[in-house]
Amino acid sequence: MLQNVERADSGCLIWTGMTDKDGRPLYYDGDRYAAGGSPLVYVQRWVFEQYSDKPLAVGQTVTRNCENKLLCIHHEHAILWRHLGSGAFVSGSDDRADTDAALAEMCANGHAFDDDNIPYANPRTGSRSCRRCTRDSKLRSRGIDPTSVPYEPYRRGNTQCRAGHQYAVFGFKNRGEGRICNECVRIKSAKGNLKKGYGLTFEDVARMLKEQDNACATCLTYFTKVDPDNFRMGDANVDHCHARGHNRGLLCMDCNIALGKVKDSTATLSRMIDYLKA
């Protein structure tokens with residue numbers, strides 16, 4: 001492990017090995033794996049425990065009081081930040097809570113809790129978390145440097161969501177101290193259902209509509225309610241071949257149901273045609 005450490009001029013011991021998605025020092029311990037335990041060791045936490053009286057409890061967090069908060073592993077620069085006995089992070093109704101503890105003024109990474117960074121309070125437990133840290137973590141998990149994306153402060157009194165949907169028009173649901181835009185939920189659900197069910201995007205739907213002249217592939221009835229630009233399938237239905245696992249095209253509801261009733265059998269359809277011609 002020591003081969004991954006370099007001493008900085010500031011006195012910090014800088015970790016040069018592997019890190020997790022948030023940039024925290026991480027070490028793979030083969031001996032732990034051989035013994036049947038988890039092989040991943042969070043180095044900052046491990047070093048802190050080696051120089052403290054007892055192991056950290058679940059929910060306790062170690063941070064740094066130096067300039068290298070992410071990569072410094074020096075035990076003298078480590079401080080215990082999140083403690084289960086602090087009312088700043090535990091619901092007041094919890095037996096572990098210290099009701100006299102003052103609420104924290106900043107997160108472990110130094111982001112101040114103010115009007116531009118109102119901490120999220122879990123409506124069930126009352127625990128608080130930093131919105132900026134959550135946002136940065138999500139960006140890093142997608143391979144995006146958080147510093148390259150401007151931070152947009154969350155404000156409880158906003159009249160619209162970050163996507164620009166007016167709450168007065170689309171409505172919203174309260175989630176603790178935050179608001180969930182109904183239109184954003186609908187769009188996310190529509191995209192997810194299309195991708196999960198058929199492996200398609202709304203760009204694919206727009207292309208298919210253009211190829212079919214905006215009409216049903218079998219009865220040629222024009223679609224009037226489908227709107228891929230606004231993430232609405234409307235009266236268009238994706239026709240999927242379950243036998244070969246591919247998408248054939250877009251059908252109206254009646255044609256889609258008809259194919260389902262005959263179980264996509266060409267023989268049945270041929271007999272139905274002969275029957276109608278008789």
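Positions are given from 1 along the sequence. Computation of the quantities below employed the complete heavy-atom set of this structure, encompassing side-chain atoms and omitting hydrogens, waters and symmetry-equivalent molecules.
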Relative to Tyr42, does Arg24 satisfy both conditions: NZ or CZ under 6.0 angstrom from the six-membered ring centre, and within 45 degrees of the ring's axis? no

Is the charged tip of Lys191 near the ring of Phe202: under 6.0 Å from the six-membered ring centre and within 45° of its axis? no

Return yes if some donor-acceptor pair links the side-chain N/O of [X] with the main-chain N/O of [Y] below 3.5 Å, else return no.
X: Ser189; Y: Val185; value: no
X: Thr16; Y: Asn4; value: yes
X: Asp235; Y: Thr224; value: yes
X: Arg162; Y: Glu152; value: yes
X: Lys69; Y: Arg64; value: yes
X: Gln212; Y: Ala215; value: yes
X: Ser137; Y: Thr134; value: no

How many angstroms lie between [atom1] in [X] and [atom2] in [Y], if you round to the nearest 0.5 Å?
X: Cys66; Y: Glu76; atom1: SG; atom2: CD; answer: 11.0 Å
X: Leu26; Y: Trp15; atom1: CG; atom2: CH2; answer: 8.5 Å
X: Asp136; Y: Cys130; atom1: CG; atom2: SG; answer: 8.0 Å
X: Leu269; Y: Thr218; atom1: CG; atom2: OG1; answer: 10.0 Å
X: Arg131; Y: Phe113; atom1: CZ; atom2: CZ; answer: 10.0 Å
X: Gln50; Y: Arg45; atom1: CD; atom2: CZ; answer: 12.0 Å

For [X], which fellow cluster members are found when Ile, Leu, Val, Met, Phe, Trp and Tyr are connected by side-chain heavy-atom distances below 4.5 angstrom, either directly or through intermediates?
X: Ile257; result: Met253
X: Leu139; result: Ile144, Val149
X: Leu70; result: Ile14, Leu71

Applying side-chain contact (heavy atoms from CB on, under 4.5 Å) to Arg32 and Val41, what does each step give before you reach the verdict? CA-CA 9 Å; Arg32 282 193 180 191; Val41 179; 3.6 Å; yes

When you group the ILVMFWY residues by side-chain heavy-atom contacts below 4.5 Å and let the links chain together, are [Y] and [X] in the same group?
X: Tyr51; Y: Trp46; answer: yes
X: Phe231; Y: Phe170; answer: no
X: Leu259; Y: Ile273; answer: no
X: Ile187; Y: Val169; answer: no

Is Asp264 paired with Arg248 through a side-chain N to carboxylate O contact shorter than 4.0 Å?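 Yes.
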
Parallel, tilted or perpendicular for Tyr28 and Tyr33, by the 30°/60° rule? tilted

4.5 Å side-chain heavy-atom contact, [X] and [Y]:
X: Pro228; Y: Glu203; result: no
X: Ser10; Y: Asn68; result: yes
X: Asn182; Y: Lys173; result: yes
X: Tyr151; Y: Arg132; result: yes
X: Asp239; Y: Asn247; result: no
X: Leu251; Y: Val238; result: no
X: Arg271; Y: Thr268; result: yes
X: Phe223; Y: Leu209; result: yes

Would you sort out whether Thr201 and Leu194 count as a side-chain contact (heavy atoms from CB on, under 4.5 Å), showing the intermediate values? CA-CA 6 Å; Thr201 65; Leu194 192 61; 5.6 Å; no

Quick one: do the Asn65 and His77 side chains pair a donor with an acceptor below 3.5 Å?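 Side chains of Asn65 and His77: no pair found under 3.5 Å.
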
Answer yes or no: does atom CD of Glu211 have more than 12 heavy-atom neighbours from other residues, nucleotides or ligands under 6.0 Å? yes

Could you walk me through whether Cys181 and Tyr167 pass side-chain contact (heavy atoms from CB on, under 4.5 Å), step by step? CA-CA 7 Å; Cys181 172; Tyr167 290 139; 4.1 Å; yes

Minimum-distance pair of heavy atoms, taken over all atoms of [X] and [Y]:
X: Leu13; Y: His74; value: CG-CD2, 3.7 Å
X: His240; Y: Gly245; value: CE1-C, 3.6 Å
X: Ser148; Y: Pro150; value: O-CD, 3.9 Å

Applying side-chain contact (heavy atoms from CB on, under 4.5 Å), run through His165 and Gln160 and close with a yes or a no. CA-CA 5 Å; His165 304 132; Gln160 63 183 30; 5.9 Å; no

